[in-house]
Amino acid sequence: MKKILVVASDKAELKGLNGDFLTLVSGVGPILASAKTAGAIVMTGAEVVVSIGSCGSLGRIKRGEVVSFSNVVTPDQDLSSMHLSLGSTIDWNRSTIRELRTADRKSGLTLLSSGTFTSSYRDVFSSFSSDCVDMEAYGVGIAALSQGIPFYAIKLVTDIVGDHSTVGDISFSMREGRARLFQVLQELGDSL
């Protein structure tokens with residue numbers, strides 16, 4: 001098995017994970033996720049990075065499902081004054097990045113990743129064609145891209161955006177679905 005770095009925002013999302021995985025708790029949000037992940041890749045020699053944890057569904061995917069995404073986008077970049085669409089940025093090679101393509105090319109699903117919690121940013125989310133939302137995957141993906149290694153985003157749907165779930169509800173869903181999330185992660189590890 002390749003050296004796989006599994007990144008979660010909180011230690012509770014990794015509780016009970018077994019196997020030959022490198023693990024990292026990044027903290028909440030894309031900035032911490034990117035900085036901590038880039039450092040961990042360099043320090044560990046990771047060959048693949050996987051962003052795991054909870055996400056909220058925008059309605060089509062049911063609570064409790066484990067989902068692997070093909071694309072990750074963010075509404076947090078706004079360079080529209082430079083004639084770039086919302087969510088686009090310019091990388092270190094002066095190339096435009098609109099979406100991050102994960103190593104999972106099959107699902108066709110898109111994860112919207114933002115440093116702003118969904119309940120306060122819902123209007124902006126509607127301008128993106130996405131299936132679920134989280135807060136770290138884009139940062140993890142940028143770190144992997146900067147180091148030239150593949151990245152995956154595999155999430156457990158713990159809530160439906162707009163259903164007014166509490167932190168307790170999300171934590172309960174994470175505890176209940178963690179085993180399924182880890183099973184999918186293990187299957188990915190075995191296939192690499």
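Heavy atoms only: backbone and side chains are in, while hydrogens, waters and symmetry mates are out.
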Joint hydrophobic cluster, [X] plus [Y], side-chain heavy atoms closer than 4.5 Å:
X: Leu192; Y: Val6; value: yes
X: Ile52; Y: Val25; value: yes
X: Leu32; Y: Tyr138; value: no

Contact check, side chains of [X] and [Y], non-hydrogen atoms, under 4.5 Å:
X: Leu185; Y: Phe21; result: yes
X: Leu100; Y: Leu145; result: yes
X: Thr74; Y: Pro30; result: no
X: Phe69; Y: Cys132; result: yes
X: Asn71; Y: Leu111; result: no
X: Lys15; Y: Lys11; result: no
X: Ile154; Y: Val66; result: yes

Open item on the list: Quick one, Thr23 with Leu17, criterion side-chain contact (heavy atoms from CB on, under 4.5 Å). Give me CA distance, side-chain angles, the key distance, then yes/no.
Closed with: CA-CA 9 Å; Thr23 59; Leu17 176 63; 3.9 Å; yes

Has [X] got a side-chain atom pairing as donor or acceptor with [Y]'s backbone, closer than 3.5 angstrom?
X: Glu13; Y: Ser54; value: yes
X: Arg63; Y: Asp159; value: no
X: Arg180; Y: Leu156; value: no
X: Ser70; Y: Gly108; value: yes
X: Gln147; Y: Ala144; value: no
X: Glu136; Y: Ser9; value: no
X: Lys3; Y: Thr44; value: yes
X: Thr37; Y: Ser34; value: no

Roughly how far, to the nearest 0.5 Å, is [atom2] of [Y] from [atom1] of [X]?
X: Glu47; Y: Leu22; atom1: CD; atom2: CG; answer: 9.5 Å
X: Ser146; Y: Ile41; atom1: OG; atom2: CD1; answer: 6.0 Å
X: Ile149; Y: Ile4; atom1: CD1; atom2: CD1; answer: 10.5 Å

Where is the tightest heavy-atom contact between [X] and [Y], given as atom of each residue plus distance?
X: Ala103; Y: Tyr152; value: CB-CZ, 3.3 Å
X: Ala137; Y: Ser113; value: N-OG, 3.2 Å
X: Leu181; Y: Gly53; value: CD2-N, 4.0 Å

Task: Neighbour count >12 (heavy atoms, 6.0 Å) for atom CZ, Arg60 - done: no

TODO: Count the heavy atoms belonging to other residues, nucleotides or ligands that lie under 6.0 Å from CG of Asp190, then report whether that count exceeds 12.
DONE: yes

Open item on the list: Is it the case that the side chains of Lys155 and Ser68 hold a donor-acceptor pair, with the cut-off being a distance below 3.5 Å and no angle test?
Closed with: no

- [ ] In sequence, state the C-alpha distance, the side-chain angles, and the governing distance for Thr110 and Val72, and then conclude on side-chain contact (heavy atoms from CB on, under 4.5 Å).
- [x] CA-CA 6 Å; Thr110 299; Val72 180; over 6 Å; no

Open item on the list: Assess the residue pair Met135 and Val28 against the criterion (side-chain contact (heavy atoms from CB on, under 4.5 Å)); give the C-alpha distance rounded to whole Å, side-chain angles, the decisive distance to 0.1 Å, and a yes or no.
Closed with: CA-CA 7 Å; Met135 295 183 75; Val28 176; 4.0 Å; yes

Task: CA sep, side-chain torsions, deciding dist, call: Leu58, Asp131, side-chain contact (heavy atoms from CB on, under 4.5 Å) - done: CA-CA 6 Å; Leu58 291 169; Asp131 301 286; over 6 Å; no

